[in-house]
Structures are given as structure tokens and as C-alpha cells.
Amino acid sequence: LGYIPCAVISGVFVDEFKNKFSMMLVGLFVGTVAMYIPGVLWMLYILGSDSLNSALSVVAVNILPFIPIDIIKMLLATFVGYRVKERIYQ
């Protein structure tokens with residue numbers, strides 16, 4: 001479910017900021033955050049918890065381990081996407 005807003009947000013940023021590497025990267029970051037939100041909410045629902053401490057625990061266990069890899073993937077996708085767009089729209 002989180003992939004839909006991720007794709008929409010990332011796509012909008014890439015379309016709006018075709019020639020700005022940094023804004024394309026921001027778009028991927030915002031899209032990734034939008035992807036994580038439904039997962040955290042669902043995990044809180046499954047656990048039957050609504051406290052801030054539970055939310056922080058869910059984030060610590062289910063999101064933090066993936067952040068370094070996601071950052072690498074965002075940088076790589078932005079770099080490759082930027083290069084491909086340069087060649088297509090010459």
C-alpha cells in the first residue's frame with residue numbers, strides 16, 4: 001500500500017525537477033518516507049498499541065535497519081536516472 005504514494009511522490013518530483021539532481025533525490029527521500037508511514041501504522045495496529053513509545057520502537061526495529069541501504073539505493077537511482085534522462089532528452 002505504501003508503494004503507491006511513494007511512486008506518485010517520486011514521479012512528481014522527477015517530472016517537475018528534471019534537471020536538478022538534488023531535488024530528484026529529495027523526491028525519492030519524501031517518497032520513501034511516505035512508503036514507511038503505512039507500514040508503521042499497520043504494525044501499530046497489529047500490535048494494538050497507540051503510544052508514542054510503541055511508535056518509536058516500531059520505527060527503531062522496522063525502519064532504522066533499512067535506512068543505510070535505502071540511502072544508497074536513492075543515491076544510485078538518482079544518479080542513474082539523471083544520466084538516463086540526460087541522454088534521452090539531448
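The structure displayed is predicted, hence computed values, not measured ones.
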When the side chains of residues 54-67 are checked against the rest of the protein, which donor-acceptor pairs come out under 3.5 Å, sequence neighbours left out?
residue, atom, partner, partner atom, Å
S54, OG, S49, OG, 2.5
S54, OG, S51, OG, 3.0
S57, OG, N53, O, 3.0
N62, ND2, V58, O, 3.3

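Remark: L1 CG to I37 CD1 distance equals 12.0 Å, nearest 0.5 Å. M35 CE to L28 CG: the interatomic distance, rounded to the nearest 0.5 Å, is 10.0 Å. Here the CG atom belonging to L25 is positioned 9.0 Å from the CD1 atom belonging to I71, to the nearest 0.5 angstrom. The CG atom of D15 sits 9.5 Å away from atom CE of M24, with the distance rounded to the nearest 0.5 Å.
For M43, the CE atom is loosely surrounded, since the number of other residues' heavy atoms within 6.0 Å does not exceed 12. Within 6.0 Å of atom CD1 in I69, 12 or fewer heavy atoms from other residues, nucleotides or ligands are found, so the atom counts as exposed in its surroundings.
The salt bridge (charged side-chain N to carboxylate O under 4.0 Å, His left out) pairs that include a residue from residues 59-69 number zero, where partners must be two or more places apart or lie in different chains. Among residues at least two apart or in separate chains, there is no salt bridge (charged side-chain N to carboxylate O under 4.0 Å, His left out) pair with a member in residues 21-38. Note on residues 31-45: no pairs pass salt bridge (charged side-chain N to carboxylate O under 4.0 Å, His left out), not counting sequence neighbours. Applying the ring-ring contact (aromatic ring centres under 6.0 Å, His included) test to residues at least two apart or on different chains, the pairs with a partner in residues 4-32 are F13-F17, F21-Y82.
A continuous path of hydrophobic side-chain contacts links I9 to V26 [ILVMFWY only; heavy atoms under 4.5 Å]. Clustering ILVMFWY residues whenever any of their side-chain heavy atoms sit less than 4.5 angstrom apart, transitively, puts V14 in a cluster other than the one holding V30. Linking ILVMFWY residues whenever their side-chain heavy atoms come closer than 4.5 Å, directly or via other members, places V33 and L75 in the same cluster.
Partners of K73 under the salt bridge (charged side-chain N to carboxylate O under 4.0 Å, His left out) rule, at least two apart in sequence or in another chain, are D70.
The two residues G31 and S10 come nearest to each other via the heavy atoms CA-OG, 3.9 Å.
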